[in-house]
**Q** 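Just dropping this structure here.
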Amino acid sequence: MFIGKSRALFSRVSLSALVLSLFVLSHAGCFSEDAPEPFYGRVSPPKAQEFRWSDGGLPQIFDPAFAAAPPDTDLVRAIFEGLTDYDPKTLQAVPAVASSWESSKDGREWTFYLREDARWSNGEPVTAHDFIQSWERTLKLGDKAPHTVLLENIEGVAKPVPTSTRDAAAVNNQKPSATEPVTPQKFGAEAVSQRVLRVRLQRPDMNFPALVAHPVFRPVKPNDDPLKRIEPFELVSNGAFSFVSTGDDRVVLERAENYWGKEEVTLDRVAFVDAKNSESALAAYRAGTVDAVTNAAFEPLAIKLLTPYRDFRRATYGALTYYSFNTTREPLDDVRVREALAIAIDRDRITQAEMGGATIPAKKFLPVEMAEGVQPVVGKTDLLERDVERARELLAEAGFPDGNGFPKLRLLVNRNEQQRLVSQSIAAMWRTVLNIETEIVMLGWDDYEQAIREGNYDVVRRGVVMQTTDEFTNFKLMFNHDPTASVNTDSATDAVAKVDSGDSSEALRKHEPIESEEQALRQLKAVPIYFASSYALVKPYVIGFNSNVLDAPSLKTVRIDTSWSEQKAR
């Protein structure tokens with residue numbers, strides 16, 4: 001879930017690709033001041049409803065439980081369907097296998113009503129039991145399934161003791177505190193009938209229908225070994241498209257014959273095309289042999305080259321880089337100090353100077369597209385804007401006027417050139433605004449993770465790729481799975497005792513779980529720095545291929561305008 005070695009948010013486009021593109025386009029007249037071309041490369045719509053997609057490589061995983069990121073998750077969304085799906089424009093939950101749903105008043109029990117005509121590709125009906133069996137399979141896979149954590153709010157899902165609790169005890173030569181054995185709860189998903197699925201949650205979640213749109217909640221027909229990954233030629237699927245073939249350079253899907261909404265799907269065929277690298281993807285798009293390019297992130301020079309074209313798209317992507325505070329250390333246990341550090345940062349400058357304009361300043365934890373209606377709670381503004389005077393006032397109130405007596409901060413970042421530049425810029429801002437010195441510690445990934453587990457930092461660079469619009473789930477991923485969150489379990493117990501005795505002001509505030517934007521901005525146990533950007537090239541004759549903050553387009557809404565012409569577009 002967290003950004004690491006497995007997923008780089010910013011791949012590089014080589015200078016040779018840029019030079020080649022510039023050369024070809026300039027000789028084609030694309031940079032002519034008299035007649036600039038509106039689109040990047042050849043625009044000639046195919047005669048058939050076939051969508052050719054360069055999506056950052058070929059899908060390798062065809063099993064919803066194992067799919068971690070595009071292109072695998074894009075393929076899974078095409079060939080499997082869950083209870084709900086996302087509207088690709090608004091990201092609101094819309095009916096899929098479930099035609100409707102309802103909840104209890106407290107949001108802890110949800111009932112989904114499945115379509116009578118929902119079918120597997122082998123003709124069998126899709127039932128409530130199929131969902132239960134698939135979710136239980138994912139839970140048994142544990143860490144082998146990258147997004148198992150998204151199922152944790154279902155009643156009966158056991159939560160393991162966090163690794164950090166055991167590690168912290170070992171570091172301090174303590175024994176982990178004993179706990180009474182807990183009788184396992186019954187799994188909270190129940191088949192009321194073949195067509196009715198009831199789900200009981202541990203915590204209320206009024207946005208649960210949006211959560212179950214995630215690929216990990218999609219049902220599968222497992223093979224003889226249910227814990228083995230399903231391979232493409234073993235597939236029995238239930239989505240709008242069915243798998244046809246895979247080869248060295250493409251994976252091909254066709255419109256599914258048994259899909260309940262077949263008549264609403266326009267595309268007859270989808271080809272995931274392997275362009276090998278970003279340079280080849282640009283060349284294929286320019287030549288007109290692919291209709292869309294996604295998940296090939298571009299460096300600033302490429303963005304500058306492509307921005308003038310009408311078929312180039314840029315959107316905020318829900319991948320957040322943030323700095324997390326070790327609140328077990330003084331003086332970072334004081335929210336005034338944390339707020340002072342937060343609003344001393346000039347996020348706009350970081351985006352422009354250090355990131356070359358390739359990111360979006362993060363002045364909240366959720367992108368604006370996810371945070372509609374969230375009320376401001378920090379200081380005098382609804383955003384974490386830079387405010388030098390207030391930052392200095394807060395630090396003085398905390399007992400450190402002009403930074404006097406403030407200890408040097410240990411800022412931990414993973415070894416990465418961009419993160420080095422960002423950390424140096426933020427350290428310079430803290431020095432200039434607050435007179436606070438910072439030691440930047442850069443470590444390789446394994447040592448970096450070990451330092452986090454041990455709590456050997458004051459501030460640490462973290463990242464998360466948001467998998468859903470569900471607010472509770474996103475903040476759980478950012479905060480409640482933080483390896484340092486449960487280091488001091490005794491103090492948490494003491495806090496509960498203080499609350500029970502009526503002394504709740506400080507204890508409750510320090511240990512209140514963070515489950516919303518409001519709580520995150522009030523406690524400021526971390527500060528958002530920037531969101532990633534997603535980029536796409538989409539031919540103008542491709543209709544309904546929508547970009548969104550989850551980078552989750554829907555192929556069900558895509559069609560090819562085979563009669564498109566540039567004259568008609570004007």
**Q** How long is the straight-line distance from CG of Leu524 back to CG of Leu384, given to the nearest 0.5 Å?
**A**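 One finds 6.0 Å between CG of Leu384 and CG of Leu524.
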
**Q** Closest approach of Ala67 and Pro146, non-hydrogen atoms and distance?
**A**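 Scanning both residues, the minimum pair turns out to be O-CG, 3.8 Å.
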
**Q** Whether the side chain of Trp110 engages the backbone of Gly107 through a donor-acceptor N/O pair (distance < 3.5 Å, no angle test) should be reported.
**A**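 It does hold such a pair.
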
**Q** Within a reach of under 6.0 Å around CD of Glu330, are more than 12 heavy atoms found that belong to other residues, nucleotides or ligands?
**A**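 No - once you tally the heavy atoms of other residues, nucleotides and ligands closer than 6.0 Å, there are 12 at most.
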
**Q** State the CG-CG distance between Asn474 and Leu320, to the nearest 0.5 angstrom.
**A**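 The distance works out to 9.5 Å.
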
**Q** Salt bridge check: are Asp72 and Arg77 linked by an N-O gap of less than 4.0 Å?
**A**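 No, Asp72 and Arg77 are not salt-bridged.
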
**Q** Minimum heavy-atom separation for Ala344 to Leu434, with atom names?
**A**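 Closest pair (atom of Ala344, atom of Leu434, distance): CB-CD1, 4.0 Å.
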
**Q** Which atom names give the shortest non-hydrogen contact between Pro215 and Pro64, and what distance separates them?
**A**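 Where Pro215 meets Pro64 most closely, the heavy atoms are O-CB, 3.3 Å.
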
**Q** Under 3.5 Å, side chain of Asp458 to main-chain N/O of Arg410, donor-acceptor pair present?
**A**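 Answer holds: yes.
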
**Q** For residues 139-151, which residue pairs qualify under salt bridge (Lys or Arg N to Asp or Glu O under 4.0 Å), counting only residues two or more places apart or in two chains?
**A**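 For residues 139-151: none.
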
**Q** In the structure I gave you, are the side-chain heavy atoms of Arg349 and Arg386 within less than 4.5 Å of one another anywhere?
**A**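 No. Closest side-chain heavy atoms not under 4.5 Å.
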
**Q** Evaluate salt bridge (Lys or Arg N to Asp or Glu O under 4.0 Å) for Glu81 paired with Arg218, printing each intermediate quantity in order.
**A** CA-CA 6 Å; Glu81 185 170 76; Arg218 306 200 175 196; over 6 Å; no

**Q** Does a side-chain heavy-atom distance below 4.5 Å link Leu550 with Thr469?
**A**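 Counting from C-beta outward, Leu550 and Thr469 do come under 4.5 Å.
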
**Q** Using atom types as modelled and distance alone, determine if a side-chain donor or acceptor of Ser533 lies under 3.5 Å from a backbone N or O of Ala358.
**A**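 Answer holds: yes.
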
**Q** List the steps, then state whether side chain to side chain donor-acceptor pair (under 3.5 Å) holds for Ser534 with Asp551.
**A** CA-CA 7 Å; Ser534 63; Asp551 194 20; 4.9 Å; no

**Q** For salt bridge (Lys or Arg N to Asp or Glu O under 4.0 Å), just list the numbers for Glu339 and Arg336, CA-CA rounded to whole Å, side-chain angles, deciding distance to a tenth of an Å, and then say yes or no.
**A** CA-CA 5 Å; Glu339 184 174 343; Arg336 294 171 298 183; over 6 Å; no

**Q** Is any side-chain heavy atom of Arg461 closer than 4.5 Å to one of Leu411?
**A**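 Leu411 vs Arg461: side chains apart.
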
**Q** Please round to the nearest 0.5 Å and tell me the distance separating atom CZ of Phe112 and atom CZ of Arg198.
**A**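 Atom-to-atom, Phe112:CZ and Arg198:CZ are 12.0 Å apart.
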
**Q** Evaluate the criterion side chain to side chain contact (heavy atoms under 4.5 Å, CB included) for residue pair Glu471 and Glu515; output intermediate values, then yes/no.
**A** CA-CA 7 Å; Glu471 184 179 39; Glu515 300 173 348; over 6 Å; no

**Q** Do the side chain of Asn326 and the main chain of Gly455 share a donor and acceptor less than 3.5 angstrom apart?
**A**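 Answer holds: yes.
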
**Q** Between Phe545 and Trp53, does the ring centroid distance fall short of 6.0 Å?
**A**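 Judged by ring-centre distance (under 6.0 Å), Phe545 and Trp53 do meet the cut-off.
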
**Q** Look up atom CD in Glu449 and atom CG in Leu443, then write down how far apart they are to the nearest 0.5 Å.
**A**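 Atom-to-atom, Glu449:CD and Leu443:CG are 11.0 Å apart.
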
**Q** When you look at Arg453 and Gln450, which way does the side chain to side chain donor-acceptor pair (under 3.5 Å) test go after all the steps?
**A** CA-CA 5 Å; Arg453 287 193 293 270; Gln450 180 65 24; 2.5 Å; yes

**Q** Let's go through Val335 and Gln523 carefully: what are the C-alpha distance in whole Å and the side-chain angles of both, what is the deciding distance for side chain to side chain contact (heavy atoms under 4.5 Å, CB included) to 0.1 Å, and is it a yes or a no?
**A** CA-CA 6 Å; Val335 69; Gln523 296 187 46; 5.7 Å; no

**Q** Can you find a pair of side-chain heavy atoms, one from Tyr317 and one from Val549, that are under 4.5 Å apart?
**A**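 No, side chains not in contact.
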
**Q** With a 4.5 Å limit on heavy-atom distance, are the side chains of Leu409 and Leu341 in contact?
**A**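 When only atoms from C-beta onward are counted, Leu341 and Leu409 do touch, with a gap below 4.5 Å.
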
**Q** Just by modelled atom types, is the Pro88 backbone N or O under 3.5 Å from a matching donor or acceptor in the Ser554 side chain?
**A**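 Not a single qualifying donor-acceptor pair exists.
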
**Q** Would a line drawn from the ring center of Phe479 to the ring center of Phe365 be shorter than 6.0 Å?
**A**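 Here the rings of Phe365 and Phe479 have centres that are less than 6.0 Å from each other.
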
**Q** Got Glu152 and Lys476 here, is their nearest side-chain heavy-atom distance under 4.5 Å?
**A**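 Counting from C-beta outward, Glu152 and Lys476 do come under 4.5 Å.
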
**Q** Does any non-hydrogen side-chain atom of Val441 lie less than 4.5 Å from one of Val413?
**A**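 No, every pair of side-chain atoms sits at 4.5 Å or beyond.
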
**Q** Atom CG of Asp346 and atom OG1 of Thr432: how far apart are they, to the nearest 0.5 Å?
**A**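 That separation rounds to 11.0 Å.
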
**Q** Step by step, would you call Val422 with Met355 a side chain to side chain contact (heavy atoms under 4.5 Å, CB included)?
**A** CA-CA 8 Å; Val422 171; Met355 305 305 294; 3.7 Å; yes

**Q** For residues Phe217 and Trp135, establish whether the separation of their ring centroids is below 6.0 Å.
**A**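 Yes - the distance between ring centres of Phe217 and Trp135 falls below the 6.0 Å cut-off.
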
**Q** Go through the steps for Thr138 and Thr148 under the test side chain to side chain donor-acceptor pair (under 3.5 Å), then give the verdict.
**A** CA-CA 6 Å; Thr138 300; Thr148 303; over 6 Å; no

**Q** Before you tell me yes or no, could you show the steps for Arg338 and Asp333 under salt bridge (Lys or Arg N to Asp or Glu O under 4.0 Å), namely the whole-Å CA-CA distance, both residues' side-chain angles and the distance that decides it to 0.1 Å?
**A** CA-CA 8 Å; Arg338 301 196 297 271; Asp333 58 345; over 6 Å; no

**Q** Kindly determine whether Phe66 and Val216 satisfy side chain to side chain contact (heavy atoms under 4.5 Å, CB included), including the steps that lead there.
**A** CA-CA 8 Å; Phe66 290 87; Val216 77; over 6 Å; no

**Q** Write down the atom of Pro513, the atom of Gln519, and the distance for their closest heavy-atom approach.
**A**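 The pair with the smallest heavy-atom distance is O-OE1, 3.4 Å.
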
**Q** Answer yes or no: is there a donor N or O on one side and an acceptor on the other, between the side chain of Asp87 and the main chain of Leu91, under 3.5 Å?
**A**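 No.
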
**Q** Could you pull out all residues at least two apart from Ser425 that satisfy side-chain hydrogen bond (donor to acceptor under 3.5 Å, both in side chains)?
**A**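 Ser425: side-chain hydrogen bond (donor to acceptor under 3.5 Å, both in side chains) contacts with Glu354.
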
**Q** Step by step, would you call Lys363 with Asp348 a salt bridge (Lys or Arg N to Asp or Glu O under 4.0 Å)?
**A** CA-CA 10 Å; Lys363 299 174 184 181; Asp348 296 285; 2.8 Å; yes

**Q** Give, for atom CZ of Phe472 and atom CG of Leu201, the distance between the pair rounded to the nearest 0.5 Å.
**A**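 Spacing of CZ (Phe472) from CG (Leu201) equals 9.0 Å.
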
**Q** Closer than 3.5 angstrom, by distance alone: can the side chain of His147 be matched with the main-chain N or O of Ala68 as a donor-acceptor pair?
**A**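 The answer is yes, because a donor-acceptor pair under 3.5 Å joins these two groups.
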
**Q** Using modelled atom types and a 3.5 Å cut-off, is there a donor and acceptor pairing between side-chain atoms of Glu454 and backbone atoms of Ala451?
**A**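 Such a contact is absent between Glu454 side chain and Ala451 backbone.
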
**Q** Would you check if Gln419 and Asn414 make a side-chain contact, meaning some heavy-atom pair closer than 4.5 Å?
**A**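 Counting from C-beta outward, Gln419 and Asn414 do come under 4.5 Å.
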
**Q** Are the side chain of Arg347 and the backbone N or O of Ala362 linked by a donor-acceptor pair below 3.5 Å?
**A**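 Flag set: sc Arg347 to bb Ala362 pair under 3.5 Å.
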
**Q** Is the shortest side-chain N to carboxylate O distance from Lys364 to Glu517 below 4.0 Å?
**A**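 Salt bridge absent between Lys364 and Glu517.
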
**Q** Can you confirm whether the side chains of Thr351 and Thr359 place a donor and an acceptor under 3.5 Å from each other?
**A**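 Yes - a donor-acceptor pair under 3.5 Å links their side chains.
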
**Q** Could you walk me through whether Tyr535 and Ser547 pass the side chain to side chain donor-acceptor pair (under 3.5 Å) test, one step at a time?
**A** CA-CA 9 Å; Tyr535 302 99; Ser547 302; over 6 Å; no

**Q** Any salt bridge linking Glu389 with Arg392? Criterion: basic side-chain nitrogen under 4.0 Å from a carboxylate oxygen.
**A**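 Yes, charged N to carboxylate O under 4.0 Å.
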
**Q** Sort out for me which residue in Arg108, Arg203, Lys186 forms a salt bridge (charged side-chain N to carboxylate O under 4.0 Å, His left out) with Glu155.
**A**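 Filter result, single survivor: Arg108.
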
